[in-house]
Amino acid sequence: MKLPIVCPSCENILKVSQMKCSYCDTSISGSFDLPVLLRLTPEEQEFILNFFLSSGSIKEMARQADISYPTMRNKMDDLIEKVKTLQTV
Amino acid sequence: MKKLFNPVAHFDERILLGAGLASVLVAVVFGYLFGFKFDALSHITYANKDWFEVGLTTLRSYGIAIAAFFLLGILMNRRTRFIDILNTVLIANVPLVALSLIQKLPFISNALEAVLRNPKDLDPVVVSALMLISLIVLPLTVLSFVLLYNGFKTTVHRKEWYHITLFVIVAVFVNFTQFLF
């Protein structure tokens, strides 16, 4: 099941309000921000995972995705900008 | 279709470089054989059958364009790679190299000469050839500019209006470098 990160009603970023231990049923309630990486879309998270799995090689990622290096680097630059923006929010 | 209009975004740089260099070679060899040269990036003019004149002028036009776009690219985005600008310029000129060869096809070349000789009394065959070439020139010229713009945009990754304006200024400059020499 996908973790929803955006409110389906107003489209704002969701917060974590409860966490529960599935073993002893202990619940913790509060208002916790999602980590930056979890605030990205599933596709963007997959992109970062692929980057990690290809040892940080944009060239290798471009080869796997069958696109050119500059296109992959542009995607990376856009994602970096988005992460920077999320960090300041 | 996307690949046709922006090969820099889709193809490996080595493939593009190979195709681009091959097109330059074609431009120089056929320029020597048919007597034309690129005295600016998209400007073809008559030349003597002289390897030095054809080769040097054509390579100089490419060189100036590559240097100008690379400088602009670095100014806009310091991570701009030389190989991507090189490929952009070389690939963008492929349609114009093709156009220069089409103009040397015997029936088109004869038609152009007939116009120069007697523009008032044209044979229907000549008129047909002229119509054909006008149908070819415009799409290929537009394709060349689209390839240049898309390639540069992909390479530099800047899309503000002033980036586009600076690109157009440099694009105009590299097409009039024949006046520098």
Side-chain angles (χ1 to χ4, degrees), chain A residues 2-14 33-89, chain B residues 1-23 65-66 69-94 146-160 163-164 167 170:
Chain A
K2 276 185 183 175
L3 175 71
I5 56 168
V6 175
C7 171
S9 173
C10 70
E11 296 186 350
N12 272 313
I13 294 286
L14 293 172
D33 287 329
L34 283 169
V36 169
L37 290 179
L38 286 182
R39 280 187 264 165
L40 298 172
T41 64
E43 292 76 25
E44 289 164 341
Q45 290 178 29
E46 197 183 324
F47 184 91
I48 290 174
L49 186 65
N50 284 339
F51 180 63
F52 175 73
L53 291 175
S54 56
S55 305
S57 167
I58 299 176
K59 200 167 253 184
E60 176 61 20
M61 283 177 74
R63 197 187 60 75
Q64 285 174 4
D66 197 24
I67 55 175
S68 73
Y69 176 89
T71 308
M72 187 57 83
R73 195 202 61 207
N74 293 345
K75 280 187 176 189
M76 179 70 73
D77 287 348
D78 289 342
L79 193 51
I80 290 168
E81 281 307 309
K82 185 172 178 180
V83 169
K84 279 181 181 171
T85 310
L86 287 174
Q87 278 181 322
T88 56
V89 172
Chain B
M1 208 58 160
K2 277 183 181 175
K3 288 186 178 182
L4 173 69
F5 291 118
N6 193 4
V8 175
H10 296 94
F11 290 102
D12 184 87
E13 61 214 33
R14 284 164 295 185
I15 295 170
L16 294 176
L17 185 63
L21 289 176
S23 79
I66 291 160
F69 281 117
F70 183 60
L71 277 176
L72 183 65
I74 287 287
L75 277 175
M76 290 180 178
N77 182 353
R78 63 185 171 83
R79 289 165 68 183
T80 300
R81 297 192 314 163
F82 180 75
I83 181 79
D84 296 327
I85 293 289
L86 176 68
N87 285 341
T88 296
V89 172
L90 296 183
I91 293 298
N93 237 30
V94 168
V146 168
L147 288 171
L148 189 63
Y149 175 71
N150 285 341
F152 187 78
K153 192 177 70 174
T154 301
T155 300
V156 176
H157 198 42
R158 294 287 182 268
K159 301 158 196 165
E160 298 293 332
H163 296 129
I164 297 169
F167 166 80
V170 172

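Letters A, B, ... mirror the listed sequences (proteins, then strands); counts begin at 1.
- Contacts between A:R73 and chain B at a heavy-atom distance below 4.5 Å involve the side chain alone, from C-beta outward.
- In this structure, a donor-acceptor pair under 3.5 Å is absent between the side chains of A:S57 and A:S54.
- The 12-atom threshold is exceeded at CD of A:Q87, counting heavy atoms of other residues, nucleotides or ligands nearer than 6.0 Å.
- Scanning for side-chain contact (heavy atoms from CB on, under 4.5 Å) contacts around B:A19 gives B:I91, with sequence neighbours left out.
- For A:E43, the side-chain contact (heavy atoms from CB on, under 4.5 Å) partners at least two apart in sequence or on another chain are A:T41.
- B:N6 does not touch chain A: none of its heavy atoms, backbone or side chain, sits under 4.5 Å away.
- Of the two parts of B:T155, only the backbone, made up of N, CA, C and O, holds a non-hydrogen atom closer than 4.5 Å to a non-hydrogen atom of chain A.
- Per-residue counts of heavy-atom pairs under 4.5 Å with chain B were compared for A:I67, A:D66, A:N74, A:T71; the largest is that of A:N74.
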